[in-house]
Amino acid sequence: MEKTILFPQIAGFVHGGDYNPDQWLDRPDILEEDVSLMKKAGVNCVTLGVFSWAALEPVEGEFHFEWLEEIVENLYQNGIYTVLSTPSGARPAWLDAAYPEAMRMSARGVRDHHGGRHNHCMSSPKYREMVEIIDRKLAQRLGSHPGVILYHISNEFGGECYCPHCAKRFREYLAERYDHDIEKLNHAWWTSFWSHHYNSFDQVEPPFENGERSVMGLNLDWKRFTTWSTNDFMEHEIRVLHSVTPDVPVTANFMRLFGGLDYRKMAPSIDMISWDNYPTYHNDWGTLEDTMVETAFQHAVMRSLKRGKPFMMMESAPGLVNWHRVNKLKRPGIHRLSCLQAIACGSDTVQYFQWRKGRGSYEQFHGAVVDHLGTDDTRIFREVAEVGDLLQKIAPAAGTLVQTRAALLFDWENRWAIWDVKALGEQTKRYEDTCRNIWETFFGLGVDMDVVGSDENLDQYDLVVAPMLYLLQPGVAGNLKKFVERGGQLVATYFTGYVDENLLCYLGGFPGDGLTDLFGVISEEIDSLYPTDRNAVVFPDGKQWEVKDFAEILRVKDAKVLGVYGSDFYEGTPAVTCKEYGKGKAYYVAARCEGKHMVPLFEQMMADAQIPVRRLPQGVECHVRSGEEGTYAFYLNAREEETKVPGVQGLDLVTGSRVEGELTLPGYGVAVVSV
């Protein structure tokens, strides 16, 4: 596979982060010193203008781009490129005073006051007009500068607005979705229940806190609309920029498994995926290894949004943040470890928030490369400079990709539906945790899974896991059947295929839409367990898997029973089954079991898929990136103690030495082995 270089202007990986010179325009000495310090830290790119609207347009119609032009040019002359951000993530006070409709309205129908950020109405015609003006002028003044390599649209999209503009657009969205036929909406939302029938789209309101929140179809369509509206706003900005500079690519920074937006729907609108990575290192509920592996899962989610291209770690903290419950410092060595993990998982950038700490306001104590001390002899500055040096050493790996033959299915709409459904246990649904637990279990077996949507093309995979696929999008059942029929290994779990895309239950047995034929079982009932309840899946060899939270009672049609329940009134009934379908196998696990208990099943699936199991020493993770010029194995040691990894051959780009059979990793050590 050929390399996919995000930025040909930069030979290797991007290293830098958010730079806010508009906070220091009265200190030219600091601005001059910044460039010198950036070069010492190995910074080759900064993000400018993320929240600079008030500096660019201090009053309506009065624009000041001179300071920004001067900084972009000076950076460029010093070998530092610019990611140019649109300033729409936070509005200046003059805009809200003149156009209050730009401010959002809460879920109780109350207009917000000026303040904060992520606080604009996506539907406001006036706000869109003002954004178009500033974006167009920004592109005209700086978009063609050779130092500008990317547009960064707004910042961390999120939130909802319930204003009249948004309510009107919501009704228009619904009319389009349901073919302008209100009876189709009534059927989809099952409004005959509680006499909630609508006579026209004009009667439909958003799910206000003090209004209609009991119609699950309405709640789900509102979340769909919020994603659609946000994406429409983002595309509006992109169109403006590209009307001036069509060749400059665009991105928008995402936020982990953010619950408010379906990133899979937004990914096609941008040229590359970027996200903001702020793990809770050194917490009191898990080990460093736990945090690292959970973060690897988040990287995999982002990587999978646009397969075939590296992603960007747009933000990370070089030291601490200021908004965790406990704002813990990264211990020495952890910064390098976490940065290399992002690269190992498929990022071609290591970027920080922020370059220099501000003197005041909300983020004055958020970590930065340059502290209030203002020197280059701090621990954090030295560690950032070390990363800059490391990225140059491993530059040949830039543009390569993580390529895997296994995938975990994760759908935002399914997630929203599970959140909202009045079923199971309110505190134990835990869809995201369930997905992550299974992903981490496979990772422990040496499999770096992608995380993809249930309706995506599965042709590149030989093994797929579909946890709690409660909501089936159109075509998903056929997609899964096709996958297994050609030889794929598939495992699904309890709570699969209960409802269609409108949240209407399937008739004729779960899992619906023909999946009973694929798995050879029908789920008749599902039992929700209290934490004190005990059950297990028992296998013929005497081994048991502990059952927690949920247990389905199955009717087996033509599947082979592998394990049965050990107690309760359904003792001895099927709990784990397998059906051969075409050239592949479809497994069904009817109860919630921890991934560590299901390892024998996963190992059997991997053997049938001819995916090798590789068990690494405790605390060590390995990711592999490959491209036309070679393959690079990244090894990361999340333990303080030195660890030896057997079976490693190749040149370690970090040390420049060859590894012949055994790799020695110091505490928190890293290696990038060209094989």
Legend entry - Step-by-step ring-ring contact (aromatic ring centres under 6.0 Å, His included) determination, Y281 to H324: CA-CA 10 Å; Y281 291 112; H324 283 165; 9.0 Å; no
Heavy-atom count around [X] [atom1] within 6.0 Å, excluding the residue itself: above 12?
X    : atom1 : result
Q427 : CD    : no
R555 : CZ    : no
E642 : CD    : yes
K306 : NZ    : yes
E603 : CD    : yes
H187 : NE2   : no
F569 : CZ    : yes
W194 : CH2   : no

Legend entry - salt_bridge(E294, R256) N-O dist < 4.0 Å: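 Between R256 and E294 there is a salt bridge, with a charged N closer than 4.0 Å to a carboxylate O.
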Inset, instruction - Please determine if E456 and R307 form a salt bridge, counting it only when a charged side-chain N lies under 4.0 Å from a carboxylate O. - result: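 Salt bridge between E456 and R307, a charged N being under 4.0 Å from a carboxylate O: yes.
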[Y] backbone acceptor or donor facing [X] side chain under 3.5 Å:
X    : Y    : value
S229 : T226 : no
N414 : L471 : yes
S523 : L554 : no
D420 : A417 : no
E289 : V620 : no
R592 : T434 : no
R264 : F410 : yes
R336 : G669 : no

Can you find a pair of side-chain heavy atoms, one from [X] and one from [Y], that are under 4.5 Å apart?
X    : Y    : answer
V491 : M598 : no
F495 : I418 : yes
F550 : L529 : no
V613 : F602 : no
E156 : E315 : yes
V589 : Y494 : no
W412 : L261 : no
W275 : F311 : yes

Do [X] and [Y] meet the criterion of a side-chain donor-acceptor pair at a distance under 3.5 Å?
X    : Y    : value
H282 : K328 : no
N322 : N327 : no
T573 : E571 : no
Y570 : D527 : yes
W222 : E160 : yes
Q341 : E621 : yes
W419 : E432 : yes
T287 : D290 : yes
E552 : Y588 : yes
N479 : S454 : no
Q460 : Q403 : no
T191 : N186 : yes
S274 : N253 : no

Inset, instruction - Could you walk me through whether Y632 and V624 pass the side-chain contact (heavy atoms from CB on, under 4.5 Å) test, one step at a time? - result: CA-CA 6 Å; Y632 305 89; V624 178; over 6 Å; no
Legend entry - Residue pair F519, Y581: steps toward the ring-ring contact (aromatic ring centres under 6.0 Å, His included) verdict: CA-CA 8 Å; F519 293 104; Y581 189 89; 9.1 Å; no
Legend entry - Steps toward side-chain contact (heavy atoms from CB on, under 4.5 Å) verdict (T441, E594): CA-CA 9 Å; T441 303; E594 291 292 322; over 6 Å; no
[atom1]/[X] to [atom2]/[Y] distance, rounded to the nearest 0.5 angstrom?
X    : Y    : atom1 : atom2 : result
L445 : E440 : CG    : CD    : 12.5 Å
K596 : W545 : NZ    : CH2   : 14.0 Å
M449 : S304 : CE    : OG    : 10.5 Å
F225 : L218 : CZ    : CG    : 12.0 Å
K644 : E641 : NZ    : CD    : 13.5 Å
H335 : L329 : NE2   : CG    : 13.0 Å

Inset, instruction - Can you label the angle between the Y278 ring and the W323 ring as parallel, tilted or perpendicular, going by 30° and 60°? - result: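 Rings of Y278 and W323: perpendicular, over 60°.
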Inset, instruction - On the 0 to 90° scale, with breaks at 30° and 60°, tag the F443-W439 ring pair as parallel, tilted or perpendicular. - result: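 Geometry flag for W439 against F443: parallel rings.
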Inset, instruction - With salt bridge (Lys or Arg N to Asp or Glu O under 4.0 Å) as the test, would you mind laying out the steps for D262 and K223 before giving the verdict? - result: CA-CA 9 Å; D262 185 347; K223 289 188 177 295; over 6 Å; no
Inset, instruction - Would you sort out whether R303 and D450 count as a side-chain contact (heavy atoms from CB on, under 4.5 Å), showing the intermediate values? - result: CA-CA 8 Å; R303 176 183 73 227; D450 284 344; 3.2 Å; yes
Legend entry - W190/F193 aromatic ring centres below 6.0 Å: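 Distance test on ring centres: not under 6.0 Å, no.
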Inset, instruction - Report the C-alpha separation of Y461 and F483 in whole Å, then their side-chain angles, then the decisive distance to 0.1 Å, and conclude whether the ring-ring contact (aromatic ring centres under 6.0 Å, His included) test is met. - result: CA-CA 9 Å; Y461 305 113; F483 168 76; 8.0 Å; no
Legend entry - Sequence neighbours excluded - salt bridge (Lys or Arg N to Asp or Glu O under 4.0 Å) pairs with any residue from residues 533-548: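 Pairs touching residues 533-548 that pass the test: none.
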Inset, instruction - Begin with the C-alpha distance, continue with both residues' side-chain angles, and end with the deciding distance and a verdict on side-chain contact (heavy atoms from CB on, under 4.5 Å) for M606 and V447. - result: CA-CA 9 Å; M606 290 172 64; V447 180; 3.3 Å; yes
